[in-house]
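All values derive from a computational prediction rather than experimental measurement.
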Protein chains: 2
Amino acid sequence: MHIGELARRTGASTRSLRYYEQRGLLCARRDPNGYRSYDAESVETVARIRELLATGLNTDTIRALLPCAQGGPGLTPCAFSSGVVEQQMAQLDAEIAQLRERRAALGAYAEIMRERRVQDRALAAMALRSA
Amino acid sequence: MHIGELARRTGASTRSLRYYEQRGLLCARRDPNGYRSYDAESVETVARIRELLATGLNTDTIRALLPCAQGGPGLTPCAFSSGVVEQQMAQLDAEIAQLRERRAALGAYAEIMRERRVQDRALAAMALRSA
DNA sequence: TTGCAGCCTGACACCGGTGTGAAGGTCAAG
DNA sequence: CTTGACCTTCACACCGGTGTCAGGCTGCAA
């Protein structure tokens, strides 16, 4: 299977597939003409790479994780990889907390603006009455 | 006040202050020698810019928001700016939801790995016993 | 006059996955 | 042989606030 077909089967662009190879996530044999040649398992591997990318892991982390996560639905586990995953989960928790803080800070701004608007309306009404 | 002193007073780097100016968030008069010259209000303005940056707003949004948010502790509100803020809050909500999804997906991976590990241990124990 | 601190502009680097384009080789079908 | 699809590598662009460096001007003090 050449790169175009793998792209079609996985939904990844050829650009992405070459990038995965460059980052050491995916390997390909080469035909005598230099074309990349993939076996059927590669479809599975790419699917797994993209799952992990979608969770926010970067390619470095996935490279460490992939030897354990490969092998289709039966993940071969190792203590190291689960540590990586749990570390990433902790980081996601931290990011979520940070976003919540930002949201709260913005909420305070919105609240202040709402109050000001009410006060302004009241002031405007008073001005009208006194005029 | 020159840029160095403003930097000292606000905690922003001179690089950042020049960047804020370049993005239209902060304006400075120029001394005859070309040096930027700031008035006392700029300290307040920079503080406000950095508050908003810290909430995750980008400089484009802040530029739209700043004319309303300026003026010290009394924010001058306008319907437009509150719309911007609420839009940003909605986006933060969406990002939080997305991070939660990622976390859940990773959690599923971690769970699979934990189960496999238990099974592996059981298999190893059986192998030991039969040997 | 020398030295140093402070200012100026302009530009590259970062991160990280992907889009895009150039310039060129390969191969099968007409 | 030509056409067109498909492949190769190399490289720039994106986002966005900031660090940092280069090369040069200003201004104050010794």
Side-chain angles (χ1 to χ4, degrees), chain A residues 1-38 42 45-66 84 88 91-92 94-95 98-99 102 105, chain B residues 1-38 42 45-66 88 91-92 94-95 98-99 102:
Chain A
M1 178 182 6
H2 288 167
I3 196 171
E5 188 178 349
L6 183 59
R8 241 171 286 120
R9 286 206 203 170
T10 59
S13 66
T14 59
R15 175 71 176 86
S16 295
L17 294 177
R18 293 194 187 99
Y19 178 69
Y20 299 158
E21 177 174 333
Q22 180 195 331
R23 304 295 296 157
L25 308 184
L26 185 63
C27 62
R29 276 171 290 107
R30 295 293 183 133
D31 288 347
N33 58 14
Y35 287 14
R36 288 170 178 82
S37 179
Y38 299 92
S42 299
T45 301
V46 171
R48 214 150 289 279
I49 290 170
R50 294 177 75 76
E51 275 175 22
L52 291 171
L53 276 178
T55 70
L57 290 169
N58 63 22
T59 50
D60 284 331
T61 308
I62 295 177
R63 180 173 42 248
L65 196 54
L66 208 56
V84 167
Q88 174 72 5
Q91 184 171 337
L92 282 177
E95 285 174 25
Q98 190 180 25
L99 285 186
R102 289 183 185 179
Chain B
M1 179 180 8
H2 288 167
I3 197 171
E5 188 178 348
L6 184 59
R8 242 172 286 121
R9 287 205 202 170
T10 60
S13 66
T14 59
R15 175 70 177 87
S16 294
L17 295 177
R18 293 195 188 99
Y19 179 68
Y20 300 158
E21 176 174 333
Q22 180 194 331
R23 303 296 296 159
L25 308 184
L26 184 63
C27 63
R29 276 168 292 109
R30 295 294 183 132
D31 287 347
N33 59 13
Y35 287 14
R36 288 169 178 83
S37 179
Y38 300 92
S42 299
T45 302
V46 172
R48 213 149 289 279
I49 290 170
R50 294 177 74 77
E51 277 174 21
L52 292 170
L53 277 177
T55 70
L57 290 169
N58 62 24
T59 50
D60 285 330
T61 308
I62 295 176
R63 181 175 37 250
L65 196 52
L66 208 56
Q88 174 72 4
Q91 183 171 337
L92 282 177
E95 286 174 25
Q98 190 181 22
L99 285 186
R102 289 183 185 178

On a heavy-atom basis, the closest approach of A/Arg23 and A/Thr59 is NE-OG1, 3.1 Å

**Asked** For C/dC27, does OP1 or OP2 lie under 4.0 Å from any side-chain N or O of A/Asn33?
**Response** yes

Margin query: OP1 or OP2 of C/dC8 versus the side-chain N and O atoms of B/Arg36: is any pair under 4.0 Å?
Written below: yes

Among the nucleotides C/dC7, C/dG19, D/dG19, whichever has the atom closest to the side chain of B/Ser16 is D/dG19

From CD1 of B/Ile3 across to P of D/dT18 the rounded distance in Å is 13 Å

Exercise. Counting just side-chain N and O atoms, does B/Arg30 come under 4.0 Å of either OP1 or OP2 of C/dT9?
Worked result: yes

When rounded to whole Å, the CG to C1' distance for the pair A/Asp60 and C/dC15 reads 11 Å

Would you mind classifying the nucleic acid contact of B/Arg50 as base, sugar-phosphate or nothing, using non-hydrogen atoms under 4.0 angstrom?
sugar-phosphate

Could you tell me whether the side chain of B/Tyr35 has a donor or acceptor atom within less than 3.5 Å of a complementary atom in the base of D/dG27? no

*asked:* Within the 4.0 Å heavy-atom criterion, would you say B/Arg18 contacts the bases, only the backbone, or no part of the nucleic acid?
replied: base

Requested in this report: Check whether any side-chain N or O of A/Tyr19 sits under 4.0 Å from OP1 or OP2 of C/dT18, and answer yes or no.
Outcome: no

Would you say A/Thr59 places a side-chain N or O within less than 4.0 Å of OP1 or OP2 belonging to C/dG17?
yes

inquiry  = Please determine whether a side-chain nitrogen or oxygen atom of A/Tyr20 lies at a distance below 4.0 Å from atom OP1 or OP2 of C/dT18.
reply    = yes

Exercise. When you check the gap from the basic side-chain N to the acidic O, do B/Glu21 and B/Arg30 get nearer than 4.0 Å?
Worked result: yes

Taking the basic N atoms (NZ, or NE/NH1/NH2) and the acidic carboxylate oxygens, is any pair closer than 4.0 Å for A/Arg36 and A/Asp31?
no

Problem - N or O in side chain of B/Ser13 less than 4.0 angstrom from D/dG19 OP1/OP2 - result: yes

- Check: A/Thr45 main-chain N/O paired with A/Ser42 side-chain donor or acceptor under 3.5 Å: no

Check the phosphate of C/dC15 against A/Asn58, side-chain N and O only, distance under 4.0 Å to OP1 or OP2. Yes or no? no

Review point. So, B/Tyr20 and B/Arg50: side-chain donor and acceptor under 3.5 Å apart, yes or no?
Key: yes

